[in-house]
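The structure displayed is predicted, hence computed values, not measured ones.
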Amino acid sequence: GSLTFLYDPDNSGTYSSVLTDTTIVLSKPEGGLQYVHWAIQDEYGTVHYDTFTVYFNKAPFPPAVISPEDTIKKLFNYDYENATGSVRLEFSARDTDDTKLTYQLQYYRLNDDTFHIDNHHDSIFQIDNISPSSLYFWIITVRDSSGNVSQSPGHFFTTRAPAPPA
C-alpha cells in the first residue's frame, strides 16, 4: 500500500500533498504556539486527520546596562597600596518565555592581549584586580534554556590613576 502525506500550511482547511518533500520547515519568529494540521491518505482514499502543537521559544531581550554608566569618563576606585581594584558590572535581562537565563561576560583591557570570559547565573559581575589608568571594553551575552542568544552592545569603563605614595 501507499500513503500520501498532506499538510495544511495556513490552517485554511486546504491540504496539499507533500510527497516530493517530507520535511516541512516551521518558523514563527515572534515566538508562541503554532498549530500544525496534518493528514494521511491511504491507498483507498481514506483520510486520517491530526493536529499537533509546536511551541517556538523566543530569544531573550538584549541585556540593558544598569552600571557602570557607559562612558569612558566614569572613574572607579583603585587601591594603590594593595595593588587591587574591582568594578561591579550590573545589567538587566528578561525573556518573554520566562525561561532560565545564563550570562556570559566578555571583557578586556585595551592594549592588552588577554581576553576574559566569565559565565554566571546572576546579572551582576565583579571584576577584581583591574589595572589602574586603563580603558576596558565589555559585552554581555544572555542565553535562555532553549539555547537562544542575545547580546548587549559593547560598553567601556575607565579606571583612575593610582594615588601617589604619601
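Of the possible polar contacts, one joining the S123 side chain to the F91 backbone as a donor-acceptor pair under 3.5 Å is found.
Interatomic distance, CG of N129 versus OG of S86, reported as 8.5 Å (0.5 Å rounding). Separation of atoms CZ (R88) and CD1 (I127) is listed at 12.5 Å; rounding is to 0.5 Å. We find the CG-CG distance between D118 and L105 to be 5.5 Å, quoted to the nearest 0.5 Å. Annotation: the span from R143 atom CZ to Q151 atom CD amounts to 10.5 Å, rounded to 0.5 Å. Taking CD of Q104 as the start and CG of N119 as the end, the distance is 5.0 Å to the nearest 0.5 Å. Atom-to-atom distance recorded for R94:CZ and S150:OG is 11.5 Å, nearest 0.5 angstrom.
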Pair F125-I140, side-chain contact (heavy atoms from CB on, under 4.5 Å): steps then yes or no: CA-CA 10 Å; F125 283 84; I140 296 289; 4.0 Å; yes
Intermediate values then yes/no, side-chain contact (heavy atoms from CB on, under 4.5 Å), Y103 and D122: CA-CA 7 Å; Y103 310 100; D122 193 9; 5.7 Å; no
W138 vs L89, side-chain contact (heavy atoms from CB on, under 4.5 Å): CA-CA, chis, key distance, verdict: CA-CA 9 Å; W138 63 289; L89 304 177; 3.7 Å; yes
T141 and V149: CA distance, side-chain angles, deciding distance, side-chain contact (heavy atoms from CB on, under 4.5 Å) verdict: CA-CA 7 Å; T141 301; V149 173; 3.3 Å; yes
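The local environment of CG in D128 is crowded, with over 12 non-hydrogen atoms from other residues, nucleotides or ligands closer than 6.0 Å.
In terms of the side chain to side chain contact (heavy atoms under 4.5 Å, CB included) criterion, residue partners of S145 (sequence neighbours excluded) are, by chain and number, T99. With sequence neighbours excluded, the residues satisfying side chain to side chain contact (heavy atoms under 4.5 Å, CB included) with L110 are Y108, L135, F137, F156.
Taking the ring centroids of H116 and Y107, they lie under the 6.0 Å cut-off.
At a threshold of 4.5 Å between non-hydrogen side-chain atoms, the residues Y49 and V47 count as touching. Contact check for N148 versus P60: side-chain heavy atoms found under the 4.5 Å cut-off.
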